[in-house]
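What follows is a short report on a single structure.
Position 1 is the first residue of the sequence; numbering continues from there. Remember, it's 1-based here, ligands and their atoms both numbered in the order they're listed. Reckoned from all heavy atoms, side chains included, excluding hydrogens, waters and symmetry mates. Keep in mind that what you see is a predicted model, and the values were worked out from it rather than measured.
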Amino acid sequence: MATAIPFCNHMPQMYLAMTVRIELEQLKKTVEGYLKEIVQDIDIPPGLLAGLEYSLLAGGKRIRPILCLKAYQLFGGDIRPCLPFACGIEMIHTSSLIHDDLPVMDDDDYRRGVLTNHKVFGEANALLAGDALLIWGGELMVRGAAGLACENVLRASAEVLKATGPIGMVGGQYLDLAGENKELALAALEEIHRRKTGQFIKASITGGAILGGATAAELAILDDFGQLLGLLFQITDDLLDVQGDPKLTGKECGSDMARGKATYPGLLGIARSEEIALATKEKAWAALEPLEMDCSFFLELTDLIYNRQS
Ligand code: GRG
């Protein structure tokens, strides 16, 4: 759906959309190039390496590392020093997908257009591949890189680790599993989404901004924006599970419903969920307004997430 992006009148919207799509593709290639580099010549038992490489290099949108790189760029310029940190984020994300797909969790057969990790390598090896990516991703983040201030590296790492641990993603996954086949109130569903998905998306943005040297006031704005973008991302994820095309999403659709998961369309219906997604997109746009810098990439990306098919 075409909706006008606010306060970015200096660039015609179609041109902006095209520019952002091209940039997303370039950044995806940059992230994937670095991920391929770090799994080369590394002293890891070959079977374990094959398993983690399988999921890490299987594709995916790479949205979290891209958000991190672009938030860094707002304050820090050249993205190269931020690349290891951003790829650490992608490794943690991939680890959570491997664990999420296990029979003991969501029991899914396809992810990123290929068989899930445990279907190919077995459950024990999938568990270890997830563990390996989780810890290795953390190592990559805290190691930092030339050009980054140590204090910022520690603060940004704490931000991402907090968002993915028991307060954030792991806590959200716990509530998600505990809520299966129960009638949850909207507030409970929002809490699951905020912890499971929202905090990580938000921390990818604020983590990058911290590394770039954002002030407390700038971080507060990005924090608000990130929370709304995270909510939008999960509402659209819920909608895609109902009406997405598996060829585009790379996973089976309808699995939330089959497992009795609490979702926006399950609780409120498709039409109301779409209205909330639109309102959330507009709130996310408004949240960025006080930031006195060129946010056109983030504005357009919000629109792309709102309209996403994968
Ligand atoms: C191992 C850190 C760790 C956590 C264990 C399993 C678990 C706890 C958490 C699962 C959290 C989870 C899978 C949340 C879903 C978030 C979500 C919307 C995933 C899909 O993300 P996309 O669309 O996927 O960015 P791609 O494939 O494009 O990267």
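Separating the CG atom in L52 from the CZ atom in F121 is a distance of 9.0 Å, to the nearest 0.5 Å. Distance CG/L67 to CG/L27: 10.0 Å, rounded to 0.5 Å.
Summary of contacts: the protein heavy atom closest to atom 27 (O) of ligand 1 is R112 NE, 2.9 Å. Protein heavy atom closest to atom 12 (C) of ligand 1, with residue, atom name and distance, is K196 CG, 4.2 Å. Among all non-hydrogen protein atoms, the one lying nearest atom 17 (C) of ligand 1 is R64 NH2, 4.0 Å. If you check which protein heavy atom lies closest to atom 1 (C) of ligand 1, you get H99 ND1, 3.2 Å. Closest to atom 11 (C) of ligand 1 among all protein heavy atoms lies M169 CG, 3.6 Å. What sits closest to atom 10 (C) of ligand 1 on the protein, heavy atoms only, is Q173 OE1, 3.4 Å.
The closest approach between any non-hydrogen atom of S95 and ligand 1 is below 4.0 Å. Judged by the shortest distance from any of its heavy atoms, Y174 lies outside the 4.0 Å radius around the atoms of ligand 1.
Of the options D131, I63, L97, the smallest heavy-atom separation from atom 19 (C) of ligand 1 is shown by L97. Among D100, L127, D238, T197, the residue whose heavy atom sits closest to atom 16 (C) of ligand 1 is T197. When S96, P65, G60 are ranked by how near their heavy atoms come to atom 3 (C) of ligand 1, first place goes to S96.
For the pair L229 and F298, the minimum side-chain heavy-atom distance is 4.5 Å or more. Here the side chains of E180 and D106 are in contact, with some heavy-atom distance below 4.5 Å. I89 has its side chain within reach of F200: a pair of non-hydrogen atoms, C-beta onward, lies under 4.5 Å apart.
If you check the side chains of D256 and T263, you find no donor sitting under 3.5 Å from an acceptor. Side-chain atoms of K202 and Q199 form no donor-acceptor pair, as typed in the model, at a separation below 3.5 Å. Side-chain atoms of D100 and Q173 form a donor-acceptor pair, as typed in the model, at a separation below 3.5 Å.
Residue D237 approaches ligand 1 through these ligand atoms, each under 4.0 Å from one of its heavy atoms: 18 (C). Every atom of ligand 1 with a heavy atom of Q234 under 4.0 Å away is listed here by number and element: 18 (C).
With a 4.0 Å cut-off on non-hydrogen atoms, K61 touches ligand 1 through its backbone as well as its side chain.
The residue from D241, D108, D101, D237 that alone fulfils the salt bridge (Lys or Arg N to Asp or Glu O under 4.0 Å) condition with K251 is D237.
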